[in-house]
Amino acid sequence: MGTLFKLMKLEWGKLRQKSIIGEVVIYLLIVMFLPTFFIKMVIADFGQSYAAMIELILPIQMGFVLFGASLINQVVIDEYKNKTISLSFSYPISRKKLFMAKVLFISLFVFLVTLVSFLLTGITTYLLDQAFSIINGQPTGTDISTFFIKMISHSIIITLISLIPLFLFGLWKRATIPLVLCAIFLMQFQNFSYLLKVNLNPDLVNFVLCILGAASAYLSIKLVDKLGDI
């Protein structure tokens, strides 16, 4: 476990940190104010109650699937393209363990950023509502507990979904543009179903997507020896 932590710390050191931090800040600023903007400018129905507002916040956080793609690009694809991964593969550590550290690093980063985003969005939405009366009523104890439960569960869901492109477009094809397009499709998947008037159970969809994400991570670690040649 100590070795994995050191390898994950090494992954952070190899990132273009200013670029990543700037990207996180932009994501957070957009997502924090998007729910109230959406109510005022697009559909006022979500302002009927805090329960409705929570249902609006959940799909907005799916934007962090795209952030996951950005991390996959830097942590995996760029290292292969720049040949810098050869240095990592020269360590007296198995490729599987090295790639496991990459997967855990990406997962932990996406999870923590999404968790922080949920929290900041909830606080910002509440403060804006107190100032401008955007949402009818006040949050109940049930609303608050529901929000925190969904904050944790959906942070896990978004993390797993963000790993779906890892195996095919990260390790195998090492293709940035298809990686980004796949992430955009995944974050908008349920919206596409609404446009096509296809009734899908959101919980079932999330379950299937989570399984695909977990399978992608497993295959990436399992097959890195075969597909991870420089």
Side-chain angles (χ1 to χ4, degrees), residues 1-28 31 61-82 84-85 87-89 91 93-118 152-187 189 206 209-225 227-228:
M1 192 65 184
T3 303
L4 278 176
F5 179 77
K6 290 178 181 178
L7 290 172
M8 290 166 65
K9 189 176 179 181
L10 185 63
E11 292 298 334
W12 168 248
K14 291 188 291 185
L15 283 180
R16 297 191 294 273
Q17 294 178 8
K18 290 183 179 179
S19 171
I20 286 293
I21 292 172
E23 188 175 345
V24 169
V25 170
I26 291 171
Y27 272 107
L28 291 177
V31 172
Q61 300 296 325
M62 288 296 290
F64 287 97
V65 171
L66 190 58
F67 175 66
S70 178
L71 286 177
I72 292 172
N73 184 55
Q74 282 204 40
V75 173
V76 179
I77 297 176
D78 280 357
E79 279 213 50
Y80 274 105
K81 288 183 176 179
N82 299 331
T84 53
I85 201 166
L87 177 62
S88 299
F89 285 166
Y91 298 156
I93 303 172
S94 70
R95 288 189 179 187
K96 288 183 180 180
K97 196 163 190 176
L98 287 167
F99 215 82
M100 183 184 295
K102 290 181 180 293
V103 173
L104 290 175
F105 174 77
I106 294 169
S107 301
L108 184 61
F109 206 151
V110 173
F111 175 76
L112 291 177
V113 171
T114 307
L115 201 66
V116 170
S117 176
F118 263 109
I152 296 171
S153 62
H154 275 71
S155 292
I156 295 171
I157 289 169
I158 290 168
T159 299
L160 288 170
I161 292 175
S162 71
L163 295 175
I164 291 176
L166 175 63
F167 174 67
L168 180 59
F169 300 120
L171 176 64
W172 192 356
K173 300 297 182 181
R174 301 164 198 170
T176 300
I177 294 177
L179 168 72
V180 172
L181 292 176
C182 179
I184 292 173
F185 173 79
L186 289 169
M187 61 185 275
F189 181 76
N206 285 333
L209 292 177
C210 285
I211 294 297
L212 290 175
S216 175
Y218 173 77
L219 290 173
S220 297
I221 297 168
K222 182 75 174 178
L223 300 178
V224 66
D225 288 331
L227 300 175

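As the structure is a prediction and not an experimental result, all values here were calculated from the model.
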Paired with Phe64, the side chain to side chain contact (heavy atoms under 4.5 Å, CB included) test is passed by just one of Leu28, Thr159, Leu115, namely Leu28
So, taking the atom named CD1 in Ile161 and the one named CG in Leu212, what distance separates them when rounded to the nearest 0.5 Å? 9.5 Å
Would you say the side chain of Phe67 lies within less than 4.5 Å of the side chain of Thr114, judging by non-hydrogen atoms? no
Taken to the nearest 0.5 Å, the spacing of Asp225 CG from Leu227 CG works out to 9.5 Å
Drop me the distance from Met100's CE to Lys222's NZ, to the nearest 0.5 angstrom. 10.5 Å
For Val76 and Arg174, what are the C-alpha separation, side-chain angles and deciding distance, and is it a side-chain contact (heavy atoms from CB on, under 4.5 Å)? CA-CA 8 Å; Val76 179; Arg174 301 164 198 170; 5.6 Å; no
Under 4.5 Å between any side-chain heavy atoms of Leu168 and Cys182, yes or no? no
Which atoms form the tightest heavy-atom contact between Met8 and Leu108, and what is the distance? CE-CD2, 3.8 Å
What do the steps show when you test Leu15 against Phe109 for side-chain contact (heavy atoms from CB on, under 4.5 Å), and what is the final call? CA-CA 12 Å; Leu15 283 180; Phe109 206 151; 4.2 Å; yes
All heavy atoms of Ala183 vs all of Ala69, minimum pair found to be CB-CB, 3.7 Å
Using the side chain to side chain contact (heavy atoms under 4.5 Å, CB included) criterion, which residues pair with Leu181? Sequence neighbours excluded. Ile177
Qualifying salt bridge (charged side-chain N to carboxylate O under 4.0 Å, His left out) pairs with a residue from residues 153-172, counting only residues at least two apart or across chains: none
Measuring only between side-chain heavy atoms, which start at C-beta, is Glu23 closer than 4.5 Å to Ser70? yes
How about Phe167 and Leu223: do any of their side-chain heavy atoms sit closer than 4.5 Å? yes
Do you know the tightest heavy-atom contact between Ser107 and Leu163? OG-CD1, 3.5 Å
Tyr218 atom OH, neighbour heavy-atom count above 12 within 6.0 Å: no
Are any of the side-chain heavy atoms of Glu11 and Glu79 separated by less than 4.5 Å? yes
Over 60° means perpendicular and under 30° means parallel, so classify the ring planes of Phe89 and Tyr80, tilted if in between. perpendicular
All heavy atoms of Leu66 vs all of Met187, minimum pair found to be CB-SD, 3.9 Å
Residue pairs fulfilling salt bridge (charged side-chain N to carboxylate O under 4.0 Å, His left out) with at least one residue in residues 155-167, sequence neighbours excluded: none
Return the CD1 to CG distance between Ile85 and Asp78, rounded to the nearest 0.5 Å. 11.0 Å
Please examine the side chains of Leu171 and Leu166, heavy atoms only from C-beta on, and report whether any two atoms are closer than 4.5 Å. no
Is it the case that the side chains of Ser220 and Lys102 hold a donor-acceptor pair, with the cut-off being a distance below 3.5 Å and no angle test? no
CG (Leu104) and NZ (Lys97) are apart, to the nearest 0.5 Å, by 11.0 Å
CD1/Ile93 to CZ/Phe99 distance, rounded to the nearest 0.5 angstrom? 15.0 Å
Give the C-alpha distance, both sets of side-chain angles, the deciding distance and a yes or no for side-chain contact (heavy atoms from CB on, under 4.5 Å) between Leu219 and Trp172. CA-CA 10 Å; Leu219 290 173; Trp172 192 356; over 6 Å; no
Are any of the side-chain heavy atoms of Leu7 and Leu98 separated by less than 4.5 Å? yes
When you compare the side chain of Val113 with that of Tyr27, does any pair of heavy atoms fall below 4.5 Å? no
Chi angles and distances behind the side-chain contact (heavy atoms from CB on, under 4.5 Å) call for Ile20, Leu71: CA-CA 8 Å; Ile20 286 293; Leu71 286 177; 3.8 Å; yes
Any donor-acceptor N/O pair, Gln61 side chain to Ser155 backbone, under 3.5 Å: no
